[in-house]
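Everything below concerns the one structure shown next.
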Protein chains: 2
Amino acid sequence: MATVRVLVVEDDPLIALDIASCLEDVGYEVCALAHTALDARKALSLNKPDIVLLDINLHDSTDGIQLGEEINARYGIPFVYLTSYAGQATLQRAKQTHPMGYIVKPFDVKGLYSTLEIALSNHARQQAIRQAFGDFETLNTRLPERLTPRELELLKGIYEGRDNQQLAETHHLSLNTIKTHVKNIFAKLDVANRPQAIARVRALLSR
Amino acid sequence: MATVRVLVVEDDPLIALDIASCLEDVGYEVCALAHTALDARKALSLNKPDIVLLDINLHDSTDGIQLGEEINARYGIPFVYLTSYAGQATLQRAKQTHPMGYIVKPFDVKGLYSTLEIALSNHARQQAIRQAFGDFETLNTRLPERLTPRELELLKGIYEGRDNQQLAETHHLSLNTIKTHVKNIFAKLDVANRPQAIARVRALLSR
DNA sequence: TGGCGCATCACCCTCCGGGGTGATATCATC
DNA sequence: GATGATATCACCCCGGAGGGTGATGCGCCA
């Protein structure tokens with residue numbers, strides 16, 4: 001795996017450097033330091049970081065939490081707040097933006113590292129689940145009767161909304177063959193039709 | 001909202017009590033203290049905690065990470081590791097279990113509190129997304145042509161795999177009425193059949 | 001060598017899904 | 001009081017989906 005590229009958003013340059021050196025000590029690459037919201041936006045679109053460390057108090061017109069919202073809306077990048085504790089109200093606002101973690105200053109290197117690792121791991125997992133599953137195979141393990149490789153491929157097509165005709169074309173198979181496979185798939189999933197099969201897949205995939 | 005009920009799994013009784021008092025200071029209810037894996041399992045099934053604080057090193061045949069896996073598999077409860085740092089290998093194993101956070105001892109109260117809050121919030125969100133969407137309405141905002149309330153309800157049924165007959169029964173409507181609604185829904189979603197409609201909903205929901 | 005799982009294809013039949021068209025009642029809004 | 005959106009229901013039509021049955025070829029393994 002390539003090195004993890006971190007964007008650090010922190011208005012105090014000294015602290016920013018401190019954080020950056022900690023990150024590099026544990027093997028991360030700090031792709032940019034941003035001291036203002038503007039810097040942060042530039043860095044986000046230019047550097048495409050893997051994860052963002054976000055100070056909340058920026059002495060700026062937009063604060064870290066607003067930045068968090070933007071990151072949610074425009075980029076799909078996970079982020080972690082790293083900030084001095086600012087009480088209930090701030091925390092409540094922060095929660096709304098679904099950060100992958102919240103570290104309170106003064107931070108220690110180990111906590112920083114473990115939080116980032118967990119954040120990256122969980123984010124990767126969520127991506128995998130929602131996007132289109134590198135792991136249709138995992139699904140197989142949770143079934144009483146396992147699906148064959150061919151059936152798995154076709155089930156993926158079904159899940160994405162293709163009809164039999166389309167499946168036949170994209171897989172270079174006869175329509176009859178598709179029908180047979182689909183029948184077998186339904187039997188193994190214990191469902192009667194496509195929508196039910198899709199619902200089943202969704203249930204099995206989400207844990 | 002009712003108070004949040006926390007299960008603390010920590011083999012050292014003194015530390016456990018320390019953690020518990022910290023938690024109560026910030027307004028949580030500690031529903032149980034478990035010093036062994038066995039205690040933890042009992043507490044899980046009896047007390048139904050909202051979240052679990054999990055020490056990894058338990059001086060037991062099963063360690064905290066195995067417990068984490070079990071919590072994933074059997075209960076849908078979020079958990080946070082609270083442990084002394086034990087290096088890369090442990091962290092790698094821990095990541096596999098998808099904890100909602102990872103706190104390194106010695107912990108401080110603020111960090112504990114904020115991490116738990118974030119964990120609970122994110123877990124609630126994930127539940128909402130995967131289970132049945134409090135926000136089928138959000139979906140509506142991303143559509144060129146908005147769906148009426150009735151159509152939204154029926155779309156939900158379609159998404160869950162019900163056929164027209166079932167929809168008619170559960171909504172106390174004529175089959176013909178269902179058909180009409182479904183037709184209109186498909187037109188607004190710009191799809192031709194149920195599986196495609198489901199795929200569309202999925203795409204819109206996962207932003 | 002025979003059996004088993006898998007993949008491939010065929011034919012038939014039934015029924016549900018979805019399109020087209022049109023009707024009526026309610027309600028808010030202008 | 002007219003107009004438009006919504007909700008309700010009806011009938012017709014047809015094509016695809018799904019069930020049942022059966023067949024062939026291939027590779028693996030006992």
Side-chain angles (χ1 to χ4, degrees), chain A residues 135-204, chain B residues 135-204:
Chain A
D135 57 349
F136 241 76
E137 286 78 18
T138 354
L139 174 154
N140 219 344
T141 66
R142 319 187 201 225
L143 277 172
E145 287 182 281
R146 307 191 89 241
L147 296 171
T148 70
R150 216 2 160 226
E151 288 167 349
L152 222 40
E153 288 174 42
L154 292 176
L155 178 55
K156 192 170 166 183
I158 291 174
Y159 185 78
E160 285 162 0
R162 315 207 186 297
D163 62 22
N164 290 342
Q165 189 58 49
Q166 291 172 315
L167 290 178
E169 285 162 11
T170 60
H171 287 80
H172 310 288
L173 289 174
S174 153
L175 187 56
N176 287 313
T177 305
I178 299 293
K179 284 183 155 200
T180 306
H181 282 308
V182 170
K183 253 180 296 188
N184 294 333
I185 292 172
F186 286 174
K188 290 187 182 176
L189 291 182
D190 189 34
V191 295
N193 51 38
R194 293 168 114 84
Q196 281 179 22
I198 297 173
R200 185 121 250 249
V201 168
R202 194 172 50 236
L204 290 172
Chain B
D135 56 350
F136 242 76
E137 285 77 19
T138 353
L139 173 154
N140 218 344
T141 65
R142 317 187 201 226
L143 276 172
E145 285 184 282
R146 304 190 90 242
L147 297 172
T148 70
R150 210 18 153 217
E151 288 166 349
L152 222 40
E153 288 174 42
L154 293 176
L155 178 55
K156 190 171 164 182
I158 291 174
Y159 185 78
E160 285 162 0
R162 315 208 185 297
D163 62 24
N164 289 342
Q165 188 58 49
Q166 290 172 316
L167 290 178
E169 284 162 11
T170 60
H171 291 268
H172 309 289
L173 289 175
S174 154
L175 187 57
N176 287 312
T177 305
I178 299 294
K179 284 184 154 199
T180 305
H181 283 308
V182 171
K183 253 180 294 188
N184 295 332
I185 293 173
F186 286 174
K188 290 187 183 176
L189 291 182
D190 188 34
V191 295
N193 52 37
R194 291 167 115 85
Q196 281 178 20
I198 298 173
R200 184 120 247 251
V201 168
R202 193 172 53 236
L204 290 171

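Residue numbers begin at 1 in each chain, while the letters A, B, ... track the order of the sequences.
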Could you tell me the separation between the CZ atom of R162(B) and the P atom of dC16(C), rounded to a whole number of Å?
18 Å

Selected nucleotide, minimal atom distance to K188(B) side chain, candidates dT6(D), dA7(C), dG18(D):
dT6(D)

Can you tell me how far C1' of dG22(D) sits from NZ of K183(A), to the nearest Å?
10 Å

Length of the NE2-P vector between H172(B) and dC9(D), whole Å
12 Å

Nearest 0.5 angstrom please: L154(A) CG to L147(A) CG, how far?
10.0 Å

Between T148(B) and dA7(D), does any side-chain N or O lie under 4.0 Å from OP1 or OP2?
yes

Which one, dG18(C), dC9(D), dA7(D), comes nearest to the side chain of T177(B)?
dC9(D)

Can you see which heavy atom on Y159(A) is nearest to which on R202(B), and at what distance?
O-NH2, 2.8 Å

Could you pick out which residue, E151(B) or K179(B), lies toward the 5' side of DNA chain D when each is mapped onto its nearest nucleotide?
E151(B)

Look at N164(B) and dC16(C) and indicate whether a side-chain polar atom (N or O) is within less than 4.0 Å of OP1 or OP2.
no

So do N164(B) and L175(B) actually touch side chain to side chain, heavy atoms under 4.5 Å?
yes

Earlier contact from the 5' end, DNA chain C, for F186(B) and T180(B)
F186(B)

Report the distance from atom CG of L175(B) to atom P of dA10(D), rounded to the nearest whole Å.
9 Å

E153(B) pairs by side-chain contact (heavy atoms from CB on, under 4.5 Å) with which of K156(B), R150(B), E151(B)?
R150(B)

So, is R194(A) near the phosphate of dG17(C), with a side-chain N or O under 4.0 Å from OP1 or OP2?
no

Whole-Å gap separating P (dG17(C)) and NE2 (H181(B))
16 Å

What one should report as the nearest heavy-atom pair of A192(B) and F186(B) is O-CD1, 4.0 Å

Taking atom P of dC6(C) as reference, at what distance in whole Å does atom CD1 of I185(A) sit?
13 Å

Atom CG of L152(B) to atom P of dT6(D): distance rounded to whole Å?
12 Å

Residue whose nearest DNA chain D nucleotide is more 5′ - L173(B) or P195(A):
L173(B)

Respond yes when some side-chain nitrogen or oxygen of N176(B) is under 4.0 Å from OP1 or OP2 of dA10(D), and no when none is.
yes

Separation of dT8(D) atom P from N184(B) atom CG, nearest Å, is 12 Å

